[in-house]
Amino acid sequence: MRPMSRTGKLLQLYAFESDQNAWKNEQIYLLDIPTVWREFIRQFYNGVKLPFAIKPLGKKLQSIFPQIVSVNNQFYLEEKRPWLIATQPVPVEMILLLAKGWMNQIATRQGVAAPDDFETSTMGWRSEKVDSIVHRDSRLKYELFPALVAHQFCLSPKQLLLEKWDEPVELTFSQVYATQKAECMSQPISTRSGTFSYVVRFRLQYRAGEPERLLLMVSAGIRRFITKPQETKYLKGGINSTLLVSMDNPFIKGQGMGLRSYASLSFRREGGTEPYTRWSEGLDELFCDVLWGNPLSTEDILTNPVKYHSDGSPKIWIVHNNRVFNNSLYIEAGISIQEKMRFYEMVRENLSDWRSLTSLPLVPKPKREVTARRVREQIPSVYCGHDKDFVLEVWGPDSLYQCLVEALKTKKYKGKLLAEQVDGEVFRLNSSSGNRIVIVKCDRRDYVDGLDRGAFKNLADEHRTNKIVRSIEHVKASHFITCSLIEILPKDDWKKLGEGTDPKQAVRKGFQLTGRITQFVYPEKGAKKSKRKKDKPESSYIHKVFNCILDLLGDAGVIDYKAHMDVNEQRPIIAYDLVSGDKGTYAFLTKFEDGVLTVKSRGLEEWLTLSEAVLQTDQFDPLPKAPGAQKKEIARWFGEQLRMERMNGKEPIVLVEAELRYKGLEGIQNNKIVCDKNPDLPGLKQDDQGITVIRVNSNEDVPAYGFRPMSFSIGVYSDNESGLYYGVGTKPKTQMNIAKAMTKYDNPETAFQQPRVVEYMPLGPMDRQDRERLAWMVHRLREVCITLESTSAQPYPLKMTSTIKKYLKFKEYEVTEAEAEFLEL
């Protein structure tokens with residue numbers, strides 16, 4: 001793989017210093033909820049929750065009035081905080097009329113009298129400065145500031161000037177109101193491949209170790225829309241999906257909307273009879289008054305979407321969701337690095353009083369010590385820390401068997417053959433240990449067919465698993481590890497059999513109980529063919545099969561040789577993470593030492609190799625389900641394990657995922673962490689130099705990024721002020737042929753996905769050279785996992801907990817990924 005140039009590149013984080021002084025004198029308008037209505041809703045509160053959702057009322061108001069930038073959905077509990085905050089006062093009589101209709105609906109549903117009338121003349125908006133209200137309620141700034149920025153951004157059209165274009169593209173933006181973030185969405189753009197909108201998203205937060213330094217984070221992407229009528233009975237069930245709804249002001253008909261805003265409402269497919277879909281929060285009557293008595297039906301929206309695309313009211317867009325809609329879009333996800341940079345510059349021009357973050361320099365790679373004359377020799381492609389052979393079973397037709405053999409013979413991993421053919425079905429792994437791979441062809445059999453929900457109902461999964469356990473020879477991994485590649489039909493093929501007939505997880509469980517690690521592959525001609533000429537199934541199928549081989553060997557302990565050598569760490573590297581399964585949440589430790597990954601969890605507290613852990617997931621104990629008890633146990637077990645490692649003479653480097661700051665490890669919270677001190681964690685003494693903690697953050701609170709000058713680049717970049725490091729990995733192979741001048745606007749059928757930027761924070765007393773070495777060490781751990789994608793989002797010990805997750809899920813296992821339009825790999 002050709003490395004990307006890094007010379008002279010600076011990393012630009014797409015975030016701004018939040019200058020609160022620029023806003024403190026800004027006037028906003030506040031409206032309190034009538035006391036009668038507060039008491040009316042409070043009567044239904046049982047101390048824990050309400051029997052109905054409050055949010056639909058606020059969403060309704062915001063879908064009609066773009067001026068309303070904040071809604072307090074806890075108004076029945078929080079008397080001091082205003083109900084509505086707006087940039088301009090909306091006629092109170094309009095607000096009251098619309099809200100009264102909703103209150104009456106609640107009364108009817110709950111079987112109580114409607115709230116009493118009150119003197120409306122006593123109600124009115126009051127003007128206040130932003131600084132004043134934020135001073136009273138500091139939490140409000142995280143919602144209010146992004147919303148005000150988004151509102152200001154939408155007030156005027158924007159010019160998107162792209163390379164190779166003489167004239168800019170003019171874009172008009174509308175606000176989209178969703179949870180914990182503010183969004184600006186452009187008018188939908190229709191192309192030959194489909195319809196999409198550009199989206200600019202704002203979030204306000206502070207970074208690790210800098211509790212007083214608020215950052216406004218800016219990210220840009222697209223939102224793709226479903227514009228063709230849907231057969232609702234074939235939509236994937238049980239998953240909430242999004243409809244964006246905007247309403248005309250019903251009191252000012254015929255005068256045009258001007259600024260428009262959308263509320264994000266959700267629907268789901270449920271049941272086997274019409275109507276197949278419904279609003280997730282029971283919203284059928286929510287807009288009845290606005291629509292002059294007409295209900296708003298999800299079935300009508302989904303089966304006749306064009307009806308709602310006009311400039312009339314309501315204006316509704318169906319957001320594409322890969323997990324719900326079976327038909328694939330020809331328009332692909334993501335926007336280009338050029339478009340991301342242009343939107344960042346647009347925001348910068350719009351926020352002249354706010355300061356961009358300083359661009360970050362590259363940290364030079366630490367030089368490896370050379371202890372002897374280097375002998376030029378062919379290094380292996382992979383490393384295997386054990387001498388067990390691999391039995392690679394192929395459960396499928398002869399064509400799959402032949403394809404797998406051909407993949408091993410011809411496909412290269414990073415320029416080198418993965419294994420060398422010794423004889424027919426026997427290969428030797430290209431590693432220093434030279435493990436053998438023995439390929440065995442097996443009959444597919446009927447237990448890979450769809451589940452029979454009609455006969456076995458909810459026991460269909462167990463029935464299939466038990467059938468596999470009874471009919472397949474059990475294997476023991478004493479001298480070899482058995483890996484099974486299983487051909488299975490795509491999900492779309494099960495829909496004619498009904499919901500829940502996909503056998504994948506039942507098959508995985510059955511094979512696990514017989515001692516096998518599994519990977520599934522769809523038939524070469526089983527998936528829907530793309531209409532695009534560039535997609536050729538015959539050329540990509542061997543690529544998919546080879547990727548399956550890498551995944552199986554990776555789950556069995558094989559890693560990238562060069563990346564392992566580059567990590568070059570003598571101390572054990574331990575990672576702590578949580579994994580969700582059907583029976584609850586599990587705490588796991590993974591340890592990477594001498595090229596071998598071992599795993600430990602509650603209930604079976606001995607270090608197991610990854611392949612052993614995968615086959616023994618039933619022996620692990622989930623954490624307590626009560627949130628308070630779960631957090632305590634997460635902290636207790638973590639501390640106990642650290643103490644045990646120290647008692648055993650180990651001096652580990654501990655990787656902790658930043659997300660755990662919310663789940664029990666409070667010592668790594670943003671406002672408690674200090675760069676040059678050991679974090680306050682269980683089992684860790686402040687003066688203990690034998691443990692080094694590194695916080696790793698790959699979540700969405702890491703800013704989006706680009707490079708100056710605009711380019712693709714890789715490496716570790718340093719923010720010296722904060723002690724934070726940012727690592728950008730190599731481009732995925734699917735992105736290698738995308739030029740930096742390409743854009744989504746001109747290439748809607750191209751997927752644009754940047755490599756993920758990950759934040760590393762080495763903690764404790766050490767000099768700058770040690771911090772930089774540790775940051776590079778964590779970064780190189782992202783390349784240890786063998787995969788056709790060069791760099792994973794997380795370092796290897798954290799990445800491989802996702803393998804265990806597949807075997808803790810009896811129900812269908814699905815990766816919950818970030819919204820594809822904003823996805824980075």
Fill in the blank from the handout: Between Val558 and Ile786, the two heavy atoms sitting closest are O-CG1, 3.7 Å
Practice task
Enter the distance from Asp387:CG to His479:NE2 here, rounded to the nearest 0.5 Å.
Solution key: 10.0 Å
Exercise for the section: Could you tell me whether the side chain of Leu655 reaches within less than 4.5 Å of the side chain of Leu781, counting heavy atoms only? Expected result: yes
Practice task
Taking atom types as modelled, find out whether Thr609 and Glu612 have a side-chain donor-acceptor pair closer than 3.5 angstrom.
Solution key: yes
Fill in the blank from the handout: Correct closest heavy-atom pair for Leu642 and Gly683 would be CB-O, 4.0 Å
Practice task
Report the C-alpha separation of Glu593 and Lys650 in whole Å, then their side-chain angles, then the decisive distance to 0.1 Å, and conclude whether the salt bridge (Lys or Arg N to Asp or Glu O under 4.0 Å) test is met.
Solution key: CA-CA 11 Å; Glu593 188 173 20; Lys650 300 289 186 181; 3.1 Å; yes
Completion exercise
Rounded to the nearest 0.5 Å, the SG atom of Cys785 sits from the CD1 atom of Ile559 at a distance of 10.0 Å
Exercise for the section: Tell me yes or no: between the side chains of Thr801 and Asp577, is some donor less than 3.5 Å from an acceptor? Expected result: yes
Problem - Donor-acceptor side-chain pairing of Tyr413 and Asp560 below 3.5 angstrom - result: yes
Problem - Non-hydrogen side-chain atoms of Arg428 and Ile437 separated by less than 4.5 Å - result: no
Practice task
Assign the ring pair His564 / Phe592 to parallel, tilted or perpendicular, where the plane angle (0 to 90°) is split at 30° and 60°.
Solution key: perpendicular
Practice task
Decide yes or no for Leu400 and Val545: does some side-chain heavy atom of the first lie under 4.5 Å from some side-chain heavy atom of the second?
Solution key: yes
Exercise for the section: Report, as yes or no, whether the 6.0 Å neighbourhood of atom CD on Glu420 holds more than 12 heavy atoms from other residues, nucleotides or ligands. Expected result: no
Practice task
Check for a donor-acceptor pair, side chain of Tyr807 on one end and backbone N or O of Ile517 on the other, with a separation under 3.5 Å.
Solution key: no
Practice task
Rounded to the nearest 0.5 Å, what's the gap from CG on Leu553 to CD on Gln519? Could you check?
Solution key: 10.5 Å
Exercise for the section: Answer yes or no: are there more than 12 heavy-atom neighbours, outside Lys583 itself, under 6.0 Å from its atom NZ? Expected result: no
Exercise for the section: Give the C-alpha distance, both sets of side-chain angles, the deciding distance and a yes or no for side-chain contact (heavy atoms from CB on, under 4.5 Å) between Leu578 and Leu660. Expected result: CA-CA 8 Å; Leu578 304 180; Leu660 294 185; 3.5 Å; yes
Problem - Candidate pair Ser241 and Phe325, rule side-chain contact (heavy atoms from CB on, under 4.5 Å), full reasoning - result: CA-CA 9 Å; Ser241 197; Phe325 297 99; 4.1 Å; yes
Practice task
Please tell me if the side chains of Thr273 and Lys233 come closer than 4.5 Å, counting only heavy atoms from C-beta onward.
Solution key: no
Exercise for the section: Using the test salt bridge (Lys or Arg N to Asp or Glu O under 4.0 Å), find all partners of Asp621 that sit at least two apart in sequence or belong to another chain. Expected result: none
Practice task
Compute whether any side-chain donor of one residue and acceptor of the other, for Trp637 and Glu605, lie under 3.5 angstrom apart.
Solution key: yes
Exercise for the section: Step through it carefully: locate the ring centre of Phe390, locate the ring centre of Phe480, and say whether they are under 6.0 Å apart. Expected result: no
Problem - Ring centers of Phe638, Tyr576 separated by less than 6.0 Å - result: yes
Practice task
Using atom types as modelled and distance alone, determine if a side-chain donor or acceptor of Asp443 lies under 3.5 Å from a backbone N or O of Arg445.
Solution key: no
Problem - Residues Arg636, Glu633; criterion salt bridge (Lys or Arg N to Asp or Glu O under 4.0 Å); working and verdict - result: CA-CA 5 Å; Arg636 185 204 69 79; Glu633 180 60 11; 2.9 Å; yes
Completion exercise
Ala635 and Gly664 have their tightest heavy-atom pair at CB-O, 3.7 Å
Practice task
Show your reasoning for whether side-chain contact (heavy atoms from CB on, under 4.5 Å) applies to Gln619 and Gln616.
Solution key: CA-CA 6 Å; Gln619 297 185 46; Gln616 299 183 56; 3.4 Å; yes
Exercise for the section: Quick one: do Leu485 and Phe520 satisfy side-chain contact (heavy atoms from CB on, under 4.5 Å)? Show the steps, please. Expected result: CA-CA 6 Å; Leu485 179 61; Phe520 297 101; over 6 Å; no
Handout entry: Expected output: side-chain Arg436 to main-chain Val391 donor-acceptor under 3.5 Å
Key = no
Practice task
Identify the two heavy atoms, one from Lys416 and one from Ser381, that lie closest to each other, and give their separation to 0.1 Å.
Solution key: CB-CB, 4.0 Å
Handout entry: N/O donor-acceptor pair under 3.5 Å between Thr590 side chain and Pro797 backbone
Key = yes
Handout entry: Ser792 side chain to Arg782 backbone, donor-acceptor under 3.5 Å
Key = yes
Exercise for the section: Could you tell me if the ring centre of Phe588 sits under 6.0 Å from that of Phe620? Expected result: yes
Exercise for the section: Could you tell me which non-hydrogen atom of Pro622 sits nearest to which non-hydrogen atom of Gly584, and how far apart they are? Expected result: CB-CA, 4.2 Å
Exercise for the section: For the residue pair Met777 and Pro795, establish whether any side-chain heavy-atom pair is separated by less than 4.5 Å. Expected result: no
Problem - Side chains of Ile691 and Val654 in contact at under 4.5 Å (non-hydrogen atoms) - result: yes
Practice task
Evaluate the side-chain proximity of Phe546 to Leu418: yes if any heavy-atom separation is below 4.5 Å, no if none is.
Solution key: yes
Handout entry: Lys467 and its salt bridge (charged side-chain N to carboxylate O under 4.0 Å, His left out) partner, picked from Asp461, Asp446, Asp449
Key = Asp446
Problem - Distance (rounded to the nearest 0.5 Å) between Leu408 CG and Leu429 CG - result: 9.5 Å
Exercise for the section: State whether the side chain of Asn435 and the backbone N or O of Lys388 hold a donor-acceptor pair below 3.5 Å, judged by distance alone. Expected result: yes
Completion exercise
Here the gap from Thr518 atom OG1 to Glu393 atom CD, rounded to the nearest 0.5 Å, amounts to 11.0 Å
Problem - side chain to side chain donor-acceptor pair (under 3.5 Å) partner of Gln512, chosen from Lys509, Arg508, Arg516 - result: Lys509
Practice task
Please round to the nearest 0.5 Å and tell me the distance separating atom CD of Gln570 and atom CD1 of Ile653.
Solution key: 10.0 Å
Practice task
Please name the pair of heavy atoms, one in Met644 and one in Lys600, separated by the smallest distance, quoted to 0.1 Å.
Solution key: CE-NZ, 4.2 Å
Exercise for the section: Describe, in one word, how the ring planes of Trp395 and Phe511 are oriented to each other, choosing from parallel (under 30°), tilted (30 to 60°) and perpendicular (over 60°). Expected result: perpendicular
Practice task
Return yes if some donor-acceptor pair links the side-chain N/O of Arg571 with the main-chain N/O of Glu651 below 3.5 Å, else return no.
Solution key: yes
Handout entry: Minimum side-chain heavy-atom gap Lys236-Arg269 below 4.5 Å
Key = no
Practice task
Return yes if a side-chain donor-acceptor contact under 3.5 Å exists between Thr730 and Thr791, otherwise no.
Solution key: yes
Problem - Over 12 foreign heavy atoms within 6.0 Å of NZ, Lys411 - result: yes
Problem - More than 12 heavy atoms from other groups under 6.0 Å of NZ on Lys591 - result: yes
